[in-house]
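As structure tokens, the structure follows; a few thoughts come after it.
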Amino acid sequence: MVAGFVYKFVLQKQLNNSSQRLFGKNNILSIILMEVEDDSVRKIDFLMAGVGGQGTILASNILAGVGMELGYDVKTAEVHGMAQRGGTVESHVRWGEKVFSPLVEQGKTDYLIGFEMLEAARWPMYLNKESVVLSNSYRIPPPSVNLGKATYPTQDEIEGILKRKGSKVLWLDATNLAGSLGNPAMAGVVLLGALSNLVGGTGEIWLEVIKRLVPEKFVEMNQKAYLEGKAVHFS
Amino acid sequence: MKKLMTGNEAVAYGAYLNGVRVGAAYPGTPSTQIMEHFALYPGVFAEWAPNEKVAMDVAIGAAYAGTRALVSTKHVGLNVAADSLFYAVYTGLNAGLIIACADDPGMHSSQNEQDNRNYAKFAKVPMLEPADSEEAKQFAGVALEISESFDTPVIMRFVTRTSHSSSLVEMSPDEAPPPYGEPIPFKRDPQKYTMVPAYARLRHPVVEDRIKRLVQYAETSPLNRIESGDDTLGIIAAGSVYQYAREVFPHATFLKLGMVYPLPEKLIREFASRVHEVVVIEELDPFFEEQIRCMGIKVRGKDIFPMIGEFSPTLIRRCAAAAGLIQMTEDEAEAAAYLSDTAALPVRPPILCPGCGHRGMFNVLREAGVLVLGDIGCYTLGVAPPLNAMHFTGCMGASIGVAHGFDKAKTNERFVALLGDSTFFHAGIHPIIDVLYNLGTTTTIIADNRTTGMTGHQHHPGTGFTLQMQQTARIDIINLVRSIGYKKVDVVDPYLMDEFSRILEDHLASQEPSVIVALRPCALQMKEKKTPPQIDPELCSNCGSCLDLGCSPLVQEEDYVRIDPVLCNGCGLCIQVCPSEAIKQQ
Ligand SMILES: Cc1ncc(C[n+]2csc(CCOP(=O)(O)OP(=O)(O)O)c2C)c(N)n1
């Protein structure tokens with residue numbers, strides 16, 4: 001979203017009947033840019049970074065679902081396919097009055113959520129001084145590190161990269177917390193619990209959306225994981 | 001009520017709502033989920049065809065027979081189906097036909113980044129491009145109406161960011177769409193449907209005239225719209241690029257094209273006359289730009305924006321700032337500086353999963369030092385270090401023909417052709433016939449994991465199930481190649497590396513064309529996890545033999561190797577390669 005502009009949707013008048021039927025009456029819009037008065041157009045951007053298979057897509061669906069419940073326009077972008085095979089994955093979630101691009105712009109994300117430490121470190125170009133980084137402190141060494149051909153950066157090095165612009169960096173031992181609840185793969189939901197304290201929305205909304213999106217037999221476990229994350233307070 | 005949907009889900013929904021009842025596709029990222037979602041609606045028939053050409057013919061046949069139809073494919077799949085697309089443009093149809101086709105700028109999961117808008121012009125077929133999921137749903141209805149009123153297939157173009165992005169879609173209040181009764185009867189009309197030269201000559205003028213009428217349609221269709229803003233800058237864009245540009249240029253006047261071919265010349269002229277400068281922003285080829293230049297209208301485009309790779313709001317802002325169209329804020333300018341921070345971080349490419357049968361096969365092939373003429377699938381990941389055992393990948397099915405070419409060129413290399421089971425059914429059968437027919441000696445390895453792995457585990461003719469989960473004949477690869485006439489055919493579990501190696505050497509030594517089926521079901525799909533073995537640090541000589549398998553749970557520590565039990569699937573392949581017998585099954 002671009003601060004300072006309000007896009008207004010106006011029904012286009014000169015529609016012929018056929019296209020009205022096709023598009024439905026209210027859907028043909030022309031966009032008119034309204035005067036620049038309100039500078040506080042609300043938007044919240046989230047960038048989630050992880051390793052294929054860590055559940056970033058479920059987490060982004062939950063986050064999008066909560067955004068909808070809170071009355072925002074919502075868009076997400078992610079890549080399926082190769083991503084399942086243990087590679088770097090990133091997923092974008094945007095809440096706003098009106099969201100155009102599904103991709104977050106560099107330098108403009110409000111939150112960077114790292115599912116794995118090294119993966120969080122790849123996206124400092126999306127940060128600004130207001131951004132908050134919330135990252136799992138779990139490590140999954142990539143092949144080059146396993147082979148001894150590269151070194152995994154230290155937590156301090158990663159924090160240095162993420163803090164360069166003055167962003168706030170919060171660490172959470174999410175995989176282990178999730179593991180203690182029965183499944184380390186719920187780390188993403190633990191992170192969402194902690195995130196919910198920062199972005200708002202009552203616990204009920206989050207729990208409800210989790211219930212809707214998680215397969216039935218895992219609902220309870222995931223709701224617990226959410227609450228475990230929500231109980232974390234950062235100093 | 002609104003629902004969050006990907007573009008893929010939304011076009012399937014739109015097709016269903018508008019009466020499409022037959023769908024056919026072959027999986028391919030980013031298009032795969034279109035048919036997966038369509039298949040879930042009640043009363044529809046949806047299939048995985050062996051390849052895109054077959055899918056296209058099936059959908060065309062259904063549309064001839066009077067039932068609205070949908071075919072979906074990734075961009076390169078349209079190459080495979082192109083021959084069929086071209087005849088359908090000549091014959092026209094009887095009921096509506098949508099070809100949903102998804103490009104992959106940036107090559108997230110593809111072998112090239114061809115711009116399939118060129119097919120619209122090439123095949124002379126109208127093309128619509130939705131910019132979000134709501135449009136994907138709506139345009140499906142418009143596409144069918146265009147298809148039927150102009151008697152032509154209609155391509156709906158997607159890109160990764162419209163296929164795999166989610167946005168809100170207005171749900172139809174009626175749960176079930178209006179019943180679409182009997183198919184429209186097919187009229188036997190050879191002049192329309194039988195493309196012998198004499199009749200095809202009659203059809204070509206129909207095609208040219210149709211495109212002219214479609215230009216008229218495009219001039220007034222609400223698919224294309226002008227969004228008024230400041231008149232200094234006029235931007236022409238479509239699809240996801242329109243969304244990015246909307247954020248970068250909040251003041252500009254826009255011509256948002258929903259129909260990307262044919263172009264509305266009058267509307268573009270009118271638009272150009274309203275603004276001081278016209279800039280076309282389009283990913284990949286200068287498809288609009290060239291046509292608009294041919295109209296004699298001055299535009300800028302590829303002098304500002306690249307022809308390579310995927311666009312984003314960030315990229316558009318940087319290019320526009322470099323060209324002096326906008327100024328960047330300090331924050332925006334600084335974001336770029338961070339790139340250097342990440343340059344030194346170890347990369348994380350996709351790799352074969354723990355427990356994957358392909359790994360044992362590649363270990364054997366690497367040890368044998370053979371030239372591997374490969375193909376496309378999960379097994380293409382065998383190219384990466386430390387396996388380093390794939391020396392060619394082109395397009396699906398190319399492995400066998402290319403190997404046969406090496407053979408006939410009298411190469412000095414020891415070589416094999418290597419392809420997956422789904423790839424074999426897609427495009428491997430014809431070349432394997434060629435090898436036998438033309439007295440070749442190629443050994444073909446079919447890496448049979450009983451699924452279409454790379455695109456997310458779709459069924460195929462060798463799995464025994466259809467897309468809609470009906471049990472069906474399982475086409476047996478071994479019987480198939482035997483009945484073609486192959487005499488030297490072996491099946492081996494690639495996990496049993498010694499045996500696999502022995503069979504490989506035997507086949508390579510023979511002058512007979514031959515087939516090895518490396519059979520092991522996909523570990524990711526089987527979800528079978530055994531107790532991980534452990535490495536005794538005392539016995540481990542830190543030689544790195546196990547690390548050469550490129551299996552992610554094997555982690556190099558200071559002076560020994562450790563197995564991460566969370567990632568390990570317990571397959572035990574590493575036990576086979578350890579010379580010190582330090583790895584022990586628990
Ligand atoms: C013409 C074409 N259609 C679809 C694809 C997408 N695609 C790439 S690999 C693949 C399937 C590979 O399956 P298989 O051969 O069984 O190998 P696996 O991934 O299971 O190892 C598909 C559908 C493509 N690249 N080209």
Side-chain angles (χ1 to χ4, degrees), chain A residues 1-2 5 12 15 18-19 22-24 27-28 30-33 51-52 61 64-65 68 73-88 100-103 105-107 118-119 121-122 124-126 128 140-148 150-153 161 164-165 184, chain B residues 2 4 29-30 33 108-109 132 134 138 141-142 145 160-161 164-168 170 221-222 225 227-229 240 243-244 246-247 250-251 312-314 317 331-332 334-336 338-339 341-342 345-353 378 381 386 454-456 524 547 550 552 554-556 566:
Chain A
M1 254 329 265
V2 183
F5 298 94
Q12 209 171 336
L15 277 186
S18 133
S19 37
L22 284 165
F23 284 94
N27 289 326
I28 255 294
S30 78
I31 299 177
I32 296 190
L33 204 58
V51 178
N61 286 340
M68 279 174 74
D73 184 21
V74 170
K75 283 192 178 169
T76 74
E78 54 228 351
V79 173
H80 305 239
M82 291 278 253
Q84 281 192 344
R85 309 289 169 264
T88 289
F100 285 98
S101 164
L103 295 174
E105 195 173 333
Q106 291 184 12
L118 172 59
E119 292 312 315
R122 288 189 206 286
M125 53 288 201
Y126 280 85
N128 59 52
I140 304 176
S144 55
V145 171
N146 284 350
L147 292 171
T151 36
Y152 196 103
I161 292 175
R164 183 139 84 86
K165 193 65 194 285
Chain B
K2 285 192 169 162
L4 191 72
T29 314
Q33 300 78 14
H108 295 281
S109 334
D132 59 21
E134 178 61 35
Q138 291 176 356
V142 185
E145 177 156 303
T160 299
R161 299 305 183 179
H164 284 173
S165 290
S166 299
S167 56
L168 302 184
E170 190 67 57
S221 164
R225 62 169 187 247
E227 296 169 4
S228 321
S240 52
Q243 307 282 16
Y244 310 150
R246 256 271 155 233
E247 297 203 355
H251 297 283
S312 63
T314 311
R317 188 179 303 282
D331 272 356
E332 287 162 354
E334 244 184 66
Y338 282 103
L339 289 171
D341 284 4
T342 58
L345 296 175
V347 294
R348 191 190 302 273
I351 51 168
L352 294 175
C353 305
C378 288
L381 299 173
M454 180 101 276
T455 42
L524 195 60
L547 292 174
S552 54
L554 292 158
V555 183
Q556 174 77 67
V566 178

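Every chain is numbered from 1, with letters handed out A, B, ... down the list of sequences. Since the structure is predicted, the reported quantities are computational estimates derived from the model, not experimental observations.
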Requested in this report: Go through B:L4, B:D331, B:L345 and name the one with the most non-hydrogen pairs under 4.5 angstrom from chain A.
Outcome: B:L345

Query raised in the report: Of the listed residues (A:M68, A:E105, A:E78), which shares the most heavy-atom pairs with chain B below a 4.5 Å separation?
Result: A:E105

Report task. Measure the spacing between CZ of A:R164 and CD of B:E334 and express it to the nearest 0.5 Å. Result -> 8.0 Å

Query raised in the report: Can you name the side-chain hydrogen bond (donor to acceptor under 3.5 Å, both in side chains) partners of B:E332, sequence neighbours left out?
Result: A:K108, B:R317, B:T329

Query raised in the report: Pick from A:G107, A:A150, A:P124: which one has the most heavy-atom pairs with chain B under 4.5 Å?
Result: A:P124

Query raised in the report: Are any of the side-chain heavy atoms of A:F100 and B:S240 separated by less than 4.5 Å?
Result: no

**Report entry** Top contributor to chain A contacts, counting heavy-atom pairs under 4.5 Å, from B:V347, B:L352, B:V566, B:T160
**Finding:** B:V347

Report task. Return the minimal non-hydrogen interatomic distance between A:R122 and B:P346, and the atom names on each side. Result -> NH2-O, 2.8 Å

Query - Atom of A:L118, atom of B:R348 and distance for their closest heavy-atom approach - result: CD2-NH2, 3.6 Å

Requested in this report: Report the residues that fulfil side-chain contact (heavy atoms from CB on, under 4.5 Å) with A:M125, sequence neighbours left out, ordered by chain and then residue number.
Outcome: A:Q106, A:W123, B:Y338, B:L339

Requested in this report: With a 4.5 angstrom heavy-atom cut-off, could you sort out which part of B:L168 is near chain A: side chain, backbone, both or neither?
Outcome: both

Report summary line: Separation between NZ (B:K2) and CG (A:D73), nearest 0.5 Å, reads 7.0 Å

Requested in this report: Give, as side chain, backbone, both or neither, the part of B:S312 having an atom under 4.5 angstrom from any heavy atom of chain A.
Outcome: both

Query - Taking every non-hydrogen atom, the tightest pair across A:N146 and B:S552 - result: ND2-O, 2.8 Å

**Report entry** Part of B:P30 within contact of chain A (heavy atom distance under 4.5 Å)
**Finding:** neither

Report task. Please flag which part of A:P153 lies under 4.5 Å from any non-hydrogen atom of chain B: side chain, backbone, both or neither. Result -> side chain

Query raised in the report: Do A:L147 and B:L547 touch side chain to side chain, with heavy atoms closer than 4.5 Å?
Result: yes

